[in-house]
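Everything numeric here is computed off the predicted structure, so don't read it as measured data.
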Amino acid sequence: MNLRPSVTSVGAILDEAQRALGASDTWAGALTTIPGLCFALAGFGAPWVARRIGVSSAVALALAVLAVGLAVRVVDGPWVVLAGTLVASAGIALANVLIPVVVKTSFAARVGLMTGVYTAALQTGGALGSAVTPPLSEVTGGWRGGLGGWAGLAVLALVLWFAATRRGAVRGGAGAGGSGAAAQDPPRRSLLRNRLAWVVTGFFGTQACFAYIMMGWMPQVLIDAGVDRTSAGLMMGLVSLLGLPVSLLVPPLVAAHGGLGFWSVGLGVLGIGGLTGLTVAPAAAPLLWSVLIGLGMAVFSLAIVSITMRARTATDTASLSGMAQGIGYLLGALGPFLFGFLRDVTGDWTVPMTMVIGVVAAQLVFGWYAGKPRYV
């Protein structure tokens, strides 16, 4: 639940913070780009950190770093906001890579179900970040309280994580600082020359680009189309919330019966439909466009499933997770910044929205090929 509010809460009050700080659209683009960029760079180091201190300690460290970053980013001016977001995103990056390893090693017989639970919790956090931040800002007297309040969720998660690890509910695998299963795993290997690993990485990267552009900019697109701020925040919350039923139902079906490519293409087509409507006639049916985009963004759960399904061992899962999320988020990080840049250059939403449609079209291709039953 902590892997999205840091990002979606910003989109809900972005223009308010921008005005209060006297910041430019380029700064806003950088603020929405930092999470994906940091997810990439810090994600590359996550397997190494886990091997050094153990997977449970690494996740605890991730939550602590996240809490500090969320608290720090609201205490000063625009550069401190960027720095705090960078720290918070580093914490998220560690957890991003390691949670699929936890699922693979601790719930090997229920990978589909637990991936669904994990991604459903993530989508819930994203929905809360968008929907709750505007009213929370009003209650606390401004955007700083609306953003900083999410540090409390990270602290709560850290307490729950300590309780779970003391009971021995979390196990690590090879390449993640664990024990037990680690002895049977082969040595860690590079996947940079593995074609399937690049397909999974492309799938993850294109869906990440789509998601982070929408989380960072969709509320502003709706506001410019005439939707009031609270409604725009609620619609962004709905976009995240719609991933819940998909996350709970589809990954277990895919793990048990296959069909990863079919579901990936189907959800992508819905996403393209919503993006097209938001581009051509944003004020005509904003609720419908939000529903379609939300269903399209639910492909995230399938991108995570593709990591666990295309690796046989915990070692390969950690390597594939680090590669897919490291390089994938690096690709995704370019999206929000380029989106803001195109908006600055053209003064219109048509060109940047057309770019997003192209990204989702590429996602369809990668998702189809990632669905073929093979292993890295």
Side-chain angles (χ1 to χ4, degrees), residues 7-8 10-11 14-15 18 24-40 126 130 198-199 201-225 227 232 235-236 239-240 264-265 267-286 288-300 303 324-325 327-368 370:
V7 179
T8 58
V10 171
L14 180 60
D15 63 328
Q18 191 176 350
S24 66
D25 283 345
T26 302
W27 174 89
L31 183 62
T32 55
T33 300
I34 280 177
L37 185 61
C38 193
F39 293 171
S130 296
W198 280 107
V199 169
T201 298
F203 183 29
F204 194 94
T206 49
Q207 68 80 29
C209 186
F210 172 34
Y212 281 94
I213 290 174
M214 289 296 99
M215 287 188 290
W217 286 100
M218 183 176 163
Q220 194 60 48
V221 174
L222 291 170
I223 290 170
D224 281 3
V227 178
M235 286 184 191
M236 190 64 236
V239 165
S240 297
S264 299
V265 170
L267 292 175
V269 168
L270 293 177
I272 288 177
L275 289 170
T276 302
L278 190 61
T279 303
V280 175
L288 175 60
W289 311 147
S290 298
V291 169
L292 292 175
I293 289 172
L295 291 173
M297 284 173 57
V299 78
F300 170 76
Q325 298 200 53
I327 299 175
Y329 277 125
L330 187 59
L331 295 174
L334 297 175
F337 184 80
L338 182 57
F339 191 92
F341 174 76
L342 291 174
R343 165 66 175 173
D344 267 346
V345 170
T346 64
D348 188 75
W349 295 114
T350 302
V351 173
M353 288 297 297
T354 301
M355 179 200 74
V356 185
I357 293 173
V359 168
V360 179
Q363 174 196 296
L364 297 183
V365 178
F366 285 120
W368 176 257

Salt bridge (charged side-chain N to carboxylate O under 4.0 Å, His left out) contacts touching residues 334-343 (sequence neighbours left out): Asp224-Arg343
Nearest heavy-atom neighbours spanning Met297 and Met236: CE-CE, 4.5 Å
Shortest non-hydrogen contact between Ala208 and Gly328, atoms and distance: CB-O, 4.4 Å
Contacts of [X] that satisfy ring-ring contact (aromatic ring centres under 6.0 Å, His included) - sequence neighbours left out:
X      : result
Phe300 : none
Phe203 : none
Phe339 : Trp217, Trp349

Hey, can you pull the donor-acceptor pairs under 3.5 Å for the side chains in residues 350-361, sequence neighbours left out?
| residue | atom | partner | partner atom | Å |
| --- | --- | --- | --- | --- |
| Thr350 | OG1 | Asp348 | OD2 | 2.5 |
| Thr354 | OG1 | Thr350 | O | 2.8 |

Listed partners of Ala281 passing side chain to side chain contact (heavy atoms under 4.5 Å, CB included), at least two apart: Ala284
Partners meeting side chain to side chain contact (heavy atoms under 4.5 Å, CB included) with Ala298 (sequence neighbours left out): Val246
Spacing of [X] atom [atom1] and [Y] atom [atom2] [to the nearest 0.5 Å]:
X      : Y      : atom1 : atom2 : result
Thr279 : Trp289 : OG1   : CH2   : 10.0 Å
Ile327 : Phe204 : CD1   : CZ    : 12.0 Å
Leu364 : Leu267 : CG    : CG    : 10.0 Å
Tyr212 : Gln207 : OH    : CD    : 8.5 Å

Test item: Ile213 and Leu338 side chains (from C-beta on) under 4.5 Å apart, heavy atoms: no
Pairwise side-chain contact, Leu275 with Phe210, heavy-atom cut-off 4.5 Å (strictly under): yes
Working for side chain to side chain contact (heavy atoms under 4.5 Å, CB included), residues Ser290 and Met218: CA-CA 9 Å; Ser290 298; Met218 183 176 163; 3.2 Å; yes
